[in-house]
Amino acid sequence: MTDVSLYHNDFENKWCPGCGNFGVLNAVKSALAHMDIPPEKVLLISGIGQAAKTPHFLNCNFFHGLHGRALPVATGARLANHDLPILVHMGDGDCYGEGGNHLLAAMRRNIDVTLLIHDNRVYGLTKGQASPTAEYGFSTKAQPFGALSDPLKPIPLALSQGVGFIARGYCGETDHLSRLIQKAIAYPGFSMIDILQVCVSYNPVNTYEYYNERVYLLDETKHRADDWHGAMDLSLQGEDRIPIGLIYQKQTIPFTKRIKTLEHGPLFHRSFDPAAVQAVLDDL
Amino acid sequence: MTDVSLYHNDFENKWCPGCGNFGVLNAVKSALAHMDIPPEKVLLISGIGQAAKTPHFLNCNFFHGLHGRALPVATGARLANHDLPILVHMGDGDCYGEGGNHLLAAMRRNIDVTLLIHDNRVYGLTKGQASPTAEYGFSTKAQPFGALSDPLKPIPLALSQGVGFIARGYCGETDHLSRLIQKAIAYPGFSMIDILQVCVSYNPVNTYEYYNERVYLLDETKHRADDWHGAMDLSLQGEDRIPIGLIYQKQTIPFTKRIKTLEHGPLFHRSFDPAAVQAVLDDL
Amino acid sequence: MDIDVTVTIGGAAGQGIQTVGDLLASVCHRAGLYLMVINDFESRIRGGHSFMQLRISDEPVVAADDKIHLLVALNRETFDIHAGELAEGGRILMEEDGAGGSDEALHVVDVKFTNLAEKAGGKIMTNTVAAGAALEMLGAPAELVVKVIESHFGGKSKSVLENNLKAIQMGRDAVANTDFDWHFKWPDRKPAGKMLSGARALALGALAADCRVASFYPMSPATEILVYLAGFMDRFPLVVEQAEDEIAAINMAIGASFGGVRAMTATSGGGFSLMVEGLGLAGITETPVVVINAQRPGPATGLPTRTAQGDLFFVIHAAQDEFPRFVFAPRTLDEAFETMIRSFHLAEKYQVPVIVLVDQYFNDSLSITREKWSVPEKIERFLVSDADMPDPSSYKRFAYSESGVSPRAVPGAGRARVMVTGNDHTEEGHLSETIADRNGQVDKRHKKMLKMAEEMNGPDILFGDSRLLLVTWGSTDGVVREAVNRLRKEKHDVGAVFFSDIWPFPTAPAMDALSGCEGFLTVELNASSQLGGLIRRHTGLQADGAIVQYDGRPMKPGHVVARTKQYMEGGQ
Amino acid sequence: MDIDVTVTIGGAAGQGIQTVGDLLASVCHRAGLYLMVINDFESRIRGGHSFMQLRISDEPVVAADDKIHLLVALNRETFDIHAGELAEGGRILMEEDGAGGSDEALHVVDVKFTNLAEKAGGKIMTNTVAAGAALEMLGAPAELVVKVIESHFGGKSKSVLENNLKAIQMGRDAVANTDFDWHFKWPDRKPAGKMLSGARALALGALAADCRVASFYPMSPATEILVYLAGFMDRFPLVVEQAEDEIAAINMAIGASFGGVRAMTATSGGGFSLMVEGLGLAGITETPVVVINAQRPGPATGLPTRTAQGDLFFVIHAAQDEFPRFVFAPRTLDEAFETMIRSFHLAEKYQVPVIVLVDQYFNDSLSITREKWSVPEKIERFLVSDADMPDPSSYKRFAYSESGVSPRAVPGAGRARVMVTGNDHTEEGHLSETIADRNGQVDKRHKKMLKMAEEMNGPDILFGDSRLLLVTWGSTDGVVREAVNRLRKEKHDVGAVFFSDIWPFPTAPAMDALSGCEGFLTVELNASSQLGGLIRRHTGLQADGAIVQYDGRPMKPGHVVARTKQYMEGGQ
Ligand SMILES: Cc1ncc(C[n+]2csc(CCOP(=O)(O)OP(=O)(O)O)c2C)c(N)n1
Ligand SMILES: Cc1ncc(C[n+]2csc(CCOP(=O)(O)OP(=O)(O)O)c2C)c(N)n1
Ligand code: SF4
Ligand code: SF4
Ligand SMILES: [Mg+2]
Ligand SMILES: [Mg+2]
């Protein structure tokens with residue numbers, strides 16, 4: 001195992017003290033250390049939001065792009081070099097709001113990246129509007145009479161579209177989350193972890209207490225990860241008890257394995273063959 | 001019942017002869033006639049594509065907007081006047097491709113409109129590229145080596161997000177489709193019918209023969225519309241046999257009923273009260 | 001001005017700078033003073049460095065000043081960053097006197113904010129203590145201070161109120177009798193006007209314009225506009241809805257407008273980028289819609305909480321091909337309120353999109369209104385109904401007309417069917433690809449531009465017959481105004497020209513305003529001097545120089561003065 | 001020109017006009033003739049009215065002609081629409097001779113397309129019969145016609161080929177010995193160049209530039225570019241991927257470019273609108289990316305299958321705030337191919353987005369290349385790797401530099417970590433909100449503009465010392481070129497100036513080109529004369545008039561000639 005301090009950097013963290021993102025950050029570092037992926041051999045891609053700042057706070061390659069658009073960037077980067085592991089960090093607004101269409105497409109492509117959604121059920125960086133996962137009626141300055149939409153259900157959504165690796169983590173269970181992330185990185189195909197993340201500044205409902213009371217570790221002897229129906233039922237239950245862990249896993253064909261061109265190695269490493277192009281031109 | 005010819009207009013139809021859209025068009029007219037909704041008291045909203053041209057081919061109010069954006073337009077129109085029935089016509093590319101994020105949001109809002117997806121599993125108007133519902137490997141000029149994505153599964157998607165009215169129709173079963181549309185219009189909340197629509201020009205796979213062999217009417221005695229699990233199983237089955245009919249229905253609170261402001265009648269009909277505004281200003 | 005004091009309160013986000021600032025501002029406002037309060041904060045929720053700067057005067061103030069007279073430093077960083085900006089004789093209120101032996105340390109008045117707060121009942125009242133100290137330095141009357149505290153904390157529990165009253169008093173006592181050159185005699189007047197932010201002025205304008213649907217996706221610095229408006233949903237026929245993205249936001253507004261009510265959206269550059277296609281849809285479907293673009297530095301995410309004026313050409317030309325639109329850049333609270341009313345009116349009168357171009361500096365600053373705001377008695381909707389038509393069944397939404405404006409009916413309101421498409425179309429609204437329909441509809445739309453141009457006000461002019469003119473637009477108005485006044489006091493023959501009606505460009509009045517001077521300089525918060533380019537494109541007149549700034553901070557009058565002098569001395 | 005014939009083939013979509021046109025074009029091409037083939041079709045798959053127009057010559061042709069010499073009418077509507085465009089002596093091949101007693105009916109040569117096709121083996125060969133008849137009218141050599149049929153239908157079953165050979169012969173026999181003024185003696189030369197469409201020239205340019213990821217969302221008239229490119233995925237290190245929308249398309253290209261390969265996307269105005277925010281992201285992250293915008297009339301959906309040049313200002317200013325970009329508007333096939341190679345090169349050299357602005361007319365027209373295309377021997381990537389760095393662990397992606405260009409490394413390629421953000425940032429690539437970093441990075445980016453400007457070619461000039469100059473850009477080149485030649489034949493002192501390098505605007509060469517003439521007129525496919533505005537903004541020179549057209553159809557030389565004369569006669 002690599003020394004986790006290799007992933008530390010001295011760039012000033014900009015999150016609120018007590019923010020659940022710290023737990024996620026630690027879990028990511030620990031997962032990379034456990035998997036011996038050196039900082040320069042991993043790529044983090046993110047959208048915009050508090051969650052999306054994550055890559056700045058550890059040692060790694062990163063592309064911190066636009067609100068909602070991390071997945072297309074990740075798809076492009078994946079096509080350029082399918083040997084480089086990619087983690088995508090998005091907020092719930094980022095991923096399920098602005099970026100919803102790309103999420104659907106990423107599922108359909110089965111792009112081989114690991115998507116970590118820091119799901120604090122609120123828009124943190126813009127100071128506390130209801131996010132797509134906020135409860136119906138969640139009241140904020142922007143929604144003084146409560147959020148009017150039902151919350152998005154990310155795990156049922158992923159199940160419905162045949163995603164092959166679906167998990168839920170909790171920022172308050174860093175080691176557990178680290179293990180999930182390791183499994184997700186190791187999974188060949190699209191892997192997605194919806195992470196219950198506490199926002200101490202803008203979400204007074206889904207607090208540490210709220211989750212500590214409700215969250216329980218999935219018992220692998222009771223719920224088998226290949227049981228799709230069980231997974232669906234588990235994730236459609238109310239919030240009295242919230243299971244965390246690997247909810248569903250199956251084998252799939254990852255995106256880059258679907259593309260014949262990529263059989264010859266990453267695009268980035270291929271060489272240019274002017275003669276072949278000239279032959280095309282001459283043949284016109 | 002209103003005379004269906006009232007919905008005819010003499011604007012030249014621009015679809016290919018034999019196109020499945022004709023069946024959908026007839027079903028819509030027949031549904032409106034059966035429900036005695038006069039042409040000037042219904043609003044059709046559409047995106048861009050062959051499907052989205054539908055409103056031009058019957059007598060009605062319409063707004064034929066941008067590719068993928070019919071649902072937000074419909075949401076706005078709904079807010080302005082929640083007494084006017086709204087049908088939204090979109091293609092599969094329109095609705096599940098470009099417009100995917102709005103579909104997720106419409107489900108969450110439960111906007112009280114009827115969404116009819118003319119699902120021909122191809123991009124018709126742009127001459128035959130793979131659409132989000134095209135089979136994996138579907139080959140076209142744009143996908144000479146086959147489509148690389150798995151198809152979107154619209155009905156499981158809707159089920160996973162708690163949509164209250166989900167049906168599947170077939171352009172080859174016009175009467176059946178007309179009845180479904182009537183039920184959908186009558187449903188208070190978001191109602192969605194994914195319509196198997198044949199494209200005779202660009203989809204050589206999902207032809208009339210293809211569907212005629214596979215499509216069967218859901219037997220209401222065997223599948224109860226309130227059986228969510230049954231509905232999910234039905235719609236995750238392979239394509240050997242394809243059920244059409246009302247797949248799932250439950251009671252929900254439609255969007256416009258969630259908004260207190262709208263209790264006093266449609267916004268469009270409310271009057272302006274300058275004194276009330278002046279009072280706000282004076283109180284600052 | 002007899003009174004002209006600048007107070008800066010700085011600290012980390014989350015330390016409650018806002019409360020100190022709000023209390024100070026409220027006291028000044030109630031005393032009948034004028035104010036300009038600017039906010040400077042980072043894109044984070046806790047930590048970092050933020051500050052609020054209040055300029056307080058007995059006369060209207062339109063810009064922040066260059067120097068600080070009283071610095072309230074809630075942490076050491078604030079001292080490090082701002083002490084250098086202290087005016088001669090200025091003082092610094094802070095916790096530690098050992099300010100590193102620097103020259104500025106001499107000006108520190110040591111106030112043990114935290115200790116005192118704890119004594120008053122809890123550390124949380126640190127900022128109340130600080131407010132008390134600052135108010136005392138300025139000489140604010142005790143009764144007024146108590147009144148403000150009472151109304152500020154009135155809604156809370158009794159003990160909260162009492163503790164805060166204690167805290168404010170402790171702050172005052174801590175600095176009692178400290179020498180301070182800007183300690184002044186407070187007037188006892190009525191409030192000079194309403195005190196509010198630019199964002200709220202825009203929201204109130206929308207309310208007064210009978211806006212009924214406002215859709216948005218949160219984005220600084222626009223969010224506050226519709227968040228504030230949302231608070232009125234319970235009392236007015238109004239729905240403010242957070243959309244799933246900006247594309248939805250503008251399409252929702254278009255749908256609502258088509259459906260028969262006035263509608264708007266508000267965003268910043270990144271969101272506006274996503275609205276561009278929808279803007280064109282409003283253009284070709286001739287659907288009235290008001291879009292506020294509150295500028296911040298870019299491109300992409302740029303500096304999310306800072307200010308800029310970099311989107312001028314972008315909003316004028318946004319979307320493929322051409323169609324008429326209005327662009328307004330209000331300069332003051334009063335003008336913002338009026339601009340919203342006017343924008344909704346003109347949007348419906350001409351059936352076009354209207355873009356209101358503001359910025360973070362404008363939206364987040366507080367100041368005092370100058371005019372009495374009044375609400376239109378009646379909202380003219382420019383709609384037609386069956387009664388206006390010989391034969392409703394043959395109603396043509398896009399009928400040709402002299403003015404280019406076609407009769408606009410509402411779907412479902414009568415027998416007329418309303419047919420609209422974003423494709424080229426016939427007069428009825430059906431798809432068409434003929435040359436006649438294309439040219440007919442393009443010409444019809446472009447015809448409107450002629451009348452629209454007549455609606456445009458020329459620029460505002462200050463000492464227009466001066467040799468040198470400073471030319472600016474939007475919220476940079478106040479800074480340039482103050483710079484001109486200062487320059488003239490020093491006997492420089494300098495005037496200014498202020499644009500708020502931007503598009504259709506008011507060519508003739510611009511010519512008039514600019515062709516008499518010997519030279520002119522543009523003053524803008526963008527790198528390429530976009531207004532300069534616009535003026536040259538439309539009038540042929542070329543600016544002799546440009547004072548530009550693009551660091552995300554509002555311009556300061558002193559900078560404009562210095563750069564203008566530099567130019568006059570041939571240094572440009 | 002000894003040979004100069006225009007053949008128009010018209011009918012309903014789905015009738016196989018394309019086949020007739022392709023056969024004719026192939027025969028001409030193989031005979032060594034020059035060609036310009038324009039396509040006019042409606043936004044539908046079957047029915048309506050479409051046509052293809054071929055201008056055939058023994059010399060290079062750069063524009064469509066105004067008159068038709070031979071009209072092949074596959075249905076009656078074609079006769080109704082086009083008969084009026086017939087040149088004196090022109091003939092019409094069609095099925096029914098009873099063409100309504102109109103004057104033009106006299107010119108009809110009755111060919112029973114369907115009957116003959118049925119005799120040849122099936123109705124489906126109607127278009128082959130028509131092609132045969134048309135080729136015979138023109139005097140095409142029999143062996144060549146047979147060869148073309150053989151290669152066209154060679155891949156099909158033997159009976160298909162045989163039937164088509166029969167059909168073509170029947171068509172030829174049906175008109176044998178018909179008088180026709182444009183029956184000409186065919187040369188027996190090698191093909192003059194490659195025959196292809198603008199869209200394909202762009203795709204081939206991308207292939208030759210080593211583009212490895214191309215993401216797109218289908219949109220006319222851009223789709224064909226990447227659809228054609230997709231066909232090469234099996235033979236080259238290339239992935240062409242259809243995205244879920246245009247926002248994804250540009251962000252995918254940016255991701256791929258960041259990931260280390262050359263990447264592009266292509267769209268039309270509506271899709272470009274959706275890409276605007278991403279364009280800004282490429283700007284601030286300094287990620288090279290090539291974006292083709294194939295213009296069509298708008299706004300919104302407008303006329304999806306027609307042509308326009310209405311996006312000039314839009315693409316120059318698209319996205320909030322300012323950042324350097326290139327804009328090129330290639331005018332010919334050869335230039336398009338070269339422009340793509342140059343665009344990818346310059347995108348990487350300066351780490352900026354490059355916009356290639358073409359249009360439907362350009363993309364969908366077929367013509368003949370003039371130059372031999374050659375592929376760069378080596379692709380210069382302007383990348384750095386660990387070996388170039390003293391200490392890879394302290395690599396700074398956005399380091400300040402003399403030229404403004406920073407060292408660009410690829411993530412995962414070595415020990416250097418590559419850190420990139422769409423926010424303002426430090427040299428390392430970390431978030432920053434300081435004035436120093438903001439100004440530093442803006443200045444760094446803007447510095448690049450100076451060098452970029454040096455890369456720009458001035459406009460192409462034709463008879464530049466004429467009294468009157470016609471000034472145009474992009475694909476309108478050929479039409480203006482032909483108009484100038486016609487005007488000069490009539491002894492008018494008219495020349496022309498053609499821009500293809502648009503941005504950074506080549507101010508000095510533009511000045512040079514335009515300041516000598518007595519007057520100039522702009523010629524553009526947009527309503528407001530955007531090039532005219534751009535020229536005035538940058539040079540101060542104002543056009544004396546504008547020849548504009550915005551009906552979605554390509555301009556015709558005759559129109560330019562007529563409007564120019566009108567101007568010269570003082571009629572403007
Ligand atoms: C196009 C665009 N729209 C809006 C914004 C403003 N914005 C920044 S972060 C954010 C949402 C943050 O919420 P979430 O994604 O849940 O992340 P969190 O801050 O909660 O981690 C928004 C709306 C933006 N940057 N870009
Ligand atoms: C923003 C945008 N992107 C792309 C297009 C081009 N376009 C028009 S229709 C269409 C897809 C049509 O497919 P679908 O929605 O399935 O409708 P169909 O024609 O099959 O009924 C596309 C991509 C467009 N008009 N606007
Ligand atoms: S606002 Fe919420 S999510 Fe953002 S850093 Fe603070 S606690 Fe974390
Ligand atoms: S292309 Fe397909 S969907 Fe479109 S009209 Fe023709 S058959 Fe129908
Ligand atoms: Mg969040
Ligand atoms: Mg389709």
Side-chain angles (χ1 to χ4, degrees), chain B residues 9 11 14 38-43 45-46 48 53 55-56 59-81 83-85 101-102 104-106 108-109 259-262 264-278 280-281 284, chain C residues 194-196 200 204 207-208 210 212-213 215 232-239 241 243-245 247-261 263 277-278 281 285 373-379 392-393 410-423 428-431:
Chain B
N9 70 6
F11 182 67
K14 296 176 195 290
E40 68 271 19
K41 294 293 174 200
V42 63
L43 173 56
I45 293 178
S46 65
I48 290 293
K53 288 182 187 166
H56 288 276
N59 235 341
C60 62
N61 296 287
F62 66 78
F63 192 97
H64 174 213
L66 294 173
H67 188 51
R69 317 304 171 191
L71 286 167
V73 172
T75 308
R78 192 101 221 89
L79 286 174
N81 184 354
D83 277 353
L84 190 64
N101 201 34
H102 312 305
L104 290 174
R108 293 181 41 231
R109 284 197 183 93
I259 306 173
K260 267 203 161 323
T261 319
L262 300 184
H264 309 284
L267 288 181
F268 171 58
H269 293 306
R270 304 277 298 276
S271 56
F272 178 60
D273 183 353
V277 184
Q278 194 65 56
V280 166
L281 298 181
L284 285 175
Chain C
K194 310 289 182 185
M195 181 173 72
L196 72 170
R200 293 190 173 192
L204 292 166
L207 195 70
D210 195 21
R212 297 195 179 182
V213 168
S215 45
F232 296 104
M233 266 177 74
D234 56 344
R235 284 173 283 164
F236 290 90
L238 166 70
V239 175
E241 172 66 359
E244 56 274 25
D245 58 29
I247 302 175
I250 191 164
N251 279 282
M252 232 180 254
I254 289 171
S257 176
F258 169 72
V261 302
E277 195 193 13
L281 180 67
T285 61
W373 290 1
S374 60
V375 179
E377 264 317 300
K378 227 185 102 9
I379 299 290
S393 72
V410 169
R415 276 175 49 235
R417 282 162 304 107
V418 186
M419 302 186 287
V420 169
T421 170
N423 287 54
E428 288 77 14
H430 274 305
L431 289 171

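Letters A, B, ... mirror the listed sequences (proteins, then strands); counts begin at 1.
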Go through the atoms of [X] and report whether side chain, backbone, both or neither lie under 4.5 Å from a heavy atom of chain B.
X: Ala263(C); answer: neither
X: Ile254(C); answer: side chain
X: Ala416(C); answer: backbone
X: Ala253(C); answer: neither
X: Ile250(C); answer: neither
X: Ser215(C); answer: neither
X: Ser374(C); answer: both
X: Phe236(C); answer: both

Out of [options], return the one with the most heavy atom pairs under 4.5 angstrom to chain C.
options: Glu40(B), His56(B), His264(B); value: His56(B)
options: Ser271(B), Ser46(B), Ala275(B); value: Ser271(B)
options: Leu84(B), Asn9(B), Leu43(B), Leu281(B); value: Leu281(B)
options: Val42(B), Asn59(B), Asp273(B); value: Asn59(B)
options: Leu104(B), Thr261(B), Thr75(B); value: Thr261(B)

Give the member of [options] that has the highest number of heavy-atom pairs under 4.5 Å with chain B.
options: Asp245(C), Asn423(C), Val213(C); value: Asp245(C)
options: Leu238(C), Leu207(C), Leu281(C); value: Leu281(C)
options: Val410(C), Asp234(C), Leu196(C); value: Val410(C)
options: Ser257(C), Gly278(C), Gly414(C); value: Gly414(C)
options: Pro237(C), Ala249(C), Gly260(C), Gly259(C); value: Pro237(C)

### Query
Would Arg417(C) and Cys60(B) count as a side-chain contact (heavy atoms from CB on, under 4.5 Å) if you check the C-alpha gap in whole Å, the side-chain angles of each, and the deciding distance to 0.1 Å?
CA-CA 6 Å; Arg417(C) 282 162 304 107; Cys60(B) 62; 5.6 Å; no
So [Y] and [X], do their side chains get closer than 4.5 Å, heavy atoms only?
X: Ile247(C); Y: Asn101(B); result: no
X: His64(B); Y: Thr285(C); result: no
X: Glu244(C); Y: Pro72(B); result: yes

I need the [X] [atom1] to [Y] [atom2] distance, nearest 0.5 Å.
X: Phe63(B); Y: Asn251(C); atom1: CZ; atom2: CG; value: 7.5 Å
X: Phe258(C); Y: Asn81(B); atom1: CZ; atom2: CG; value: 11.0 Å
X: Thr421(C); Y: Ile48(B); atom1: OG1; atom2: CD1; value: 6.0 Å

### Message
If the condition is side-chain contact (heavy atoms from CB on, under 4.5 Å), which residues does Ala106(B) pass it with, not counting sequence neighbours?
### Response
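Checked Ala106(B) against side-chain contact (heavy atoms from CB on, under 4.5 Å); matches are Leu71(B), Ile111(B), Phe190(B).
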### Message
Going by side-chain contact (heavy atoms from CB on, under 4.5 Å), name the residues that satisfy it together with Ala74(B), two or more places apart in sequence or in a different chain.
### Response
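Listed in chain order: Ile45(B), Ile86(B), Val88(B), Val113(B).
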### Task
Give me the ring orientation class for His430(C) and Phe11(B): parallel if the planes are under 30° apart, tilted from 30 to 60°, perpendicular past 60°.
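If you compare the ring of His430(C) with that of Phe11(B), the planes turn out parallel.
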Could you pull out the closest heavy-atom pair between [X] and [Y], with the gap in Å?
X: Ile259(B); Y: Met233(C); value: CG2-CE, 4.1 Å
X: Gly412(C); Y: Lys41(B); value: O-NZ, 2.6 Å
X: Ala413(C); Y: Phe268(B); value: CB-CE2, 3.9 Å

### Carboxylate-amine/guanidinium contact Glu241(C) Arg109(B), below 4.0 Å
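Answer for the salt bridge query: yes.
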### Task
Kindly say whether Arg270(B) contributes a backbone atom to a donor-acceptor pair with the side chain of Arg212(C) at under 3.5 angstrom?
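Confirmed, Arg212(C) side chain pairs with Arg270(B) backbone.
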### Query
Between Arg235(C) and Val280(B), does a side-chain contact (heavy atoms from CB on, under 4.5 Å) hold up when you go through it step by step?
CA-CA 10 Å; Arg235(C) 284 173 283 164; Val280(B) 166; 4.1 Å; yes
### Query
Step by step, would you call Val277(B) with Trp373(C) a side-chain contact (heavy atoms from CB on, under 4.5 Å)?
CA-CA 11 Å; Val277(B) 184; Trp373(C) 290 1; over 6 Å; no
